[in-house]
Asker: 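Okay, here's the structure, questions in a sec.
In what follows, every chain begins at residue 1, and chains take the letters A, B, ... in the order their sequences are listed. Fair warning: this is a prediction, and the values are worked out from it, not measured in the lab.
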There are 2 protein chains.
Amino acid sequence: MPATIRDVARASGVHISTVSRTFSAPHLVNPETRVRVLACAEDLGYRPNRAARALITGRTHNIGLIVADIANPFFPPLIKAAEGQARHRDYHVFVADTNEDQAAEEELVHALAKQVDGVLLCSPRMSNSLIEQVSREVPVVVINRQVAGLPCVMMDVGQGARLAIEHLLGLGHRRIALLGGPRGSWTNREIRRAAGTAARTGGAELTVLGPNHPTETGGGAVADQVRRSGVTAVLAYNDLMAIGLIEGLDALGLRVPADISVVGVDDIALSRLTRPKLTTVATPTAAAGRTAVDMLLQLDSDAPRGARGRGATAGDRRTTAQVMLQTELVVRDSTGPVPPPGRDTGA
Amino acid sequence: MPATIRDVARASGVHISTVSRTFSAPHLVNPETRVRVLACAEDLGYRPNRAARALITGRTHNIGLIVADIANPFFPPLIKAAEGQARHRDYHVFVADTNEDQAAEEELVHALAKQVDGVLLCSPRMSNSLIEQVSREVPVVVINRQVAGLPCVMMDVGQGARLAIEHLLGLGHRRIALLGGPRGSWTNREIRRAAGTAARTGGAELTVLGPNHPTETGGGAVADQVRRSGVTAVLAYNDLMAIGLIEGLDALGLRVPADISVVGVDDIALSRLTRPKLTTVATPTAAAGRTAVDMLLQLDSDAPRGARGRGATAGDRRTTAQVMLQTELVVRDSTGPVPPPGRDTGA
DNA sequence: TTCTTCGCTGCAAACCTTTGCAGCTCTCCG
DNA sequence: CGGAGAGCTGCAAAGGTTTGCAGCGAAGAA
């Protein structure tokens with residue numbers, strides 16, 4: 001039913017190769033012929049079959065994007081930015097959701113490998129060695145994680161965590177809890193490392209609680225634990241957990257920031273809408289999405305893996321860029337001075 | 001570099017067709033041969049090239065999902081459900097975001113048409129005739145809209161809006177505003193129609209404000225207009241707008257629900273997290289995603305469009321199912337009794 | 001022994017497009 | 001007038017897979 005290149009060729013009285021060239025190399029065909037072909041193509045509603053093209057060029061013009069949880073508001077802006085950038089370059093994005101599951105992650109990247117020109121691994125939970133392994137199968141750019149020898153786009157959450165801790169120290173807090181995120185998260189390790197150092201430097205005590213599921217539920221679940229720990233401030237792995245925690249604390253009769261201060265990470269849109277508005281570390285998610293797409297496409301044009309390109313680019317070790325994006329602390333209403341010592345925090 | 005069917009055939013000493021059958025019709029090949037082939041395939045890390053398969057079968061095993069705005073929390077649960085259901089059937093989902101733009105919508109469906117077996121059009125903004133047109137190019141299931149002759153999955157927001165208005169009437173409200181959504185939205189028309197009828201029946205006055213951008217910003221922007229209109233309750237096109245409106249009213253010194261009641265639509269996760277918690281119409285988004293995928297795949301197996309299937313299924317008008325999913329009103333804290341008449345609402 | 005039947009495997013066409021190469025026609029120059 | 005070159009077009013192979021058809025050997029029946 002859909003018109004093929006052959007139909008257009010027949011209709012315009014030329015060979016199929018001429019039709020092909022009309023689209024892929026217009027300067028090689030007589031202007032007169034070109035307009036005729038284009039007219040016929042338009043008429044028949046012809047659009048090149050990308051699958052067939054992919055077969056011979058080795059380029060699908062698709063890229064895969066694997067995220068841990070599309071329902072986590074952290075990801076959509078990144079996805080959106082990546083899609084926009086990709087579309088700009090005539091690429092399409094295949095989004096897949098792993099439900100925070102390592103096994104699903106691996107399965108998905110394999111399933112995607114053959115139908116995309118490259119994969120963006122966003123906040124992967126799998127092991128470094130597994131990532132390296134899949135990168136031999138399909139070009140990969142890693143987001144939110146550092147893997148040696150692979151192109152990576154990271155956000156400097158370590159720096160952000162340090163700023164957050166310093167902010168809390170400045171408010172007088174000396175007993176601080178860190179709400180850990182999911183196991184396997186690079187971001188989680190970075191935050192923990194930086195927060196630990198900053199707390200030690202400032203003479204504060206840092207209690208690590210976790211790992212936890214990086215959602216409101218996960219945050220709410222540890223509210224009681226936080227109360228019993230007797231801390232006066234909390235740095236959460238992400239905004240969702242911070243918000244869940246605030247809810248949970250509220251249910252326990254603890255007020256934020258009067259009784260306890262809470263800082264999140266990500267600066268999702270939601271963090272401006274809750275009451276109190278959340279103090280958080282803003283991460284440049286959109287920029288990360290755009291950058292990652294650029295790096296992948298760059299990689300791709302450097303190292304053709306098409307049918308024709310074999311053998312040409314054997315031994316060149318391309319320089320694998322690693323980009324670190326800056327973060328910043330956004331102070332809103334969920335942090336305040338440490339409560340007077342006499343006050344009962346319910347502990 | 002990646003192993004092809006030919007490599008496996010060579011390694012296991014059989015013809016490529018036997019390898020092919022080992023995967024697509026195992027019962028046709030000798031068990032002994034089968035294990036040998038499977039071993040070789042495993043060994044070489046062979047995975048069938050889906051593009052090549054698509055070329056001959058006419059099935060890509062991909063489906064497209066076009067949404068208006070992936071950053072709107074309404075969509076992710078739907079996407080997630082659709083993806084899960086699709087993966088279950090060995091399909092992958094191509095998500096694309098139109099940024100609420102009709103032109104982008106049309107362009108995207110065309111670009112996707114050839115590399116997917118069907119498209120899920122979620123809350124499309126384009127005209128019915130355009131939808132019908134693209135449906136001739138690629139199988140389509142429409143979500144959140146009714147188009148005659150096309151399979152549709154709808155949520156009964158009309159019913160939900162009626163319940164919402166009745167809830168407000170029950171609280172004594174007689175002057176109610178409706179915050180309209182984007183132009184071209186079927187949901188918007190449904191809500192408006194049903195709310196209008198319910199208000200008239202209950203002897204209330206319904207003021208329609210809009211159209212508006214369906215985001216917090218869009219909701220916040222009309223806060224002043226709402227105040228000046230002198231209504232005591234508002235039904236918003238979606239939760240995001242409702243939340244934005246509450247923010248905006250708050251900035252104007254109006255309290256929800258003491259001064260004014262607000263109801264949303266969608267029951268996004270966020271609506272449980274804001275203060276006050278939002279009264280809203282819950283829509284079964286996940287069910288809609290699953291149902292739509294099922295309908296598309298069903299459609300697809302009924303009407304093969306593969307290379308081999310031509311001519312066989314010419315004239316059969318398949319029954320195009322239209323499914324209406326129920327909604328329900330979730331009463332939380334953003335609605336309350338109408339304020340005493342003497343009270344100054346700032347108008 | 002001869003004929004069927006059955007189970008398995010190989011053959012080759014087909015899907016749609018891209019692209020290196022060769023051939024054609026024309027123009028222009030010497 | 002002959003030859004070179006440029007501009008355009010056609011030819012055919014290639015890419016990886018599926019599938020209808022045919023062929024082959026062995027087992028069973030007559």
Asker: Just compare D:dT9, D:dT18, C:dC16 and give me whichever is closest to any side-chain atom of B:Ile5.
Answerer: D:dT18
Asker: Let me know the distance between CG of A:Asp7 and P of C:dC16, rounded to the nearest Å.
Answerer: 8 Å
Asker: To the side chain of B:Val29, which of D:dT17, C:dT9, D:dT9 is closest?
Answerer: C:dT9
Asker: Select one nucleotide: of C:dT17, D:dG16, D:dT18, the one nearest the side-chain heavy atoms of A:Arg53.
Answerer: C:dT17
Asker: Pick the closest DNA chain C nucleotide for B:Gly13 and for A:Pro48 by heavy atoms, then say which residue is nearer the 5' end.
Answerer: B:Gly13
Asker: What nucleotide, of D:dG16, C:dT18, D:dT9, holds the atom closest to the side chain of A:Thr57?
Answerer: C:dT18
Asker: Expressed in angstrom and rounded to an integer, what is the separation of A:Arg59 atom CZ from D:dG15 atom C1'?
Answerer: 15 Å
Asker: By the 4.0 Å heavy-atom rule, please label B:Ser24 as base, sugar-phosphate, or nothing.
Answerer: nothing
Asker: Rounded off to whole Å, could you give me the CZ-to-P distance for the B:Arg6 and C:dC11 pair?
Answerer: 13 Å
Asker: Looking at every strand, decide which applies to A:Arg21 at a 4.0 Å heavy-atom threshold: base, sugar-phosphate, or nothing.
Answerer: base
Asker: So what does B:Phe23 hit on the nucleic acid, given a heavy-atom distance under 4.0 Å: a base, only sugar-phosphate, or nothing?
Answerer: nothing
Asker: Just by distance, no angles: are the side chains of B:Gln85 and B:Asp294 close enough, under 3.5 Å, to form a donor-acceptor pair?
Answerer: yes
Asker: Are OP1 or OP2 of C:dT9 and a side-chain N or O of B:Thr33 less than 4.0 angstrom apart?
Answerer: yes
Asker: Nearest whole Å is fine: how far is D:dC8 C1' from A:His15 NE2?
Answerer: 14 Å
Asker: When A:Phe74 is tested against each of A:Asn144, A:Asp69, A:Val67 for side-chain contact (heavy atoms from CB on, under 4.5 Å), which residue passes?
Answerer: A:Asn144
Asker: Among A:Leu108, A:Ile131, A:Ile143, exactly one meets side-chain contact (heavy atoms from CB on, under 4.5 Å) together with A:Leu121. Which residue is that?
Answerer: A:Ile131
Asker: Between A:Ser20 and C:dT18, does any side-chain N or O lie under 4.0 Å from OP1 or OP2?
Answerer: yes
Asker: What is the separation between atom CG on A:Leu55 and atom C1' on D:dG16, rounded to the nearest whole Å?
Answerer: 6 Å
Asker: Answer with base, sugar-phosphate or nothing: what part of the nucleic acid does A:Val19 contact at a heavy-atom distance below 4.0 Å?
Answerer: nothing
Asker: What's the CD1-P distance between A:Ile56 and D:dT17, to the nearest Å?
Answerer: 15 Å
Asker: Expressed as a whole number of angstroms, how long is the span from B:Ile16:CD1 to C:dG10:C1'?
Answerer: 10 Å
Asker: Reckon A:Thr18 touches a base, only the sugar-phosphate, or nothing at all at heavy-atom distances under 4.0 Å?
Answerer: sugar-phosphate
Asker: Would one find more than 12 heavy atoms of other residues, nucleotides or ligands at under 6.0 Å from atom NE2 of A:His88?
Answerer: no
Asker: Could you tell me how far apart B:Asn30 (CG) and D:dG25 (C1') are, to the nearest whole angstrom?
Answerer: 13 Å
Asker: Which value, rounded to the nearest 0.5 Å, describes the distance between A:Arg21 atom CZ and A:Ile16 atom CD1?
Answerer: 10.0 Å
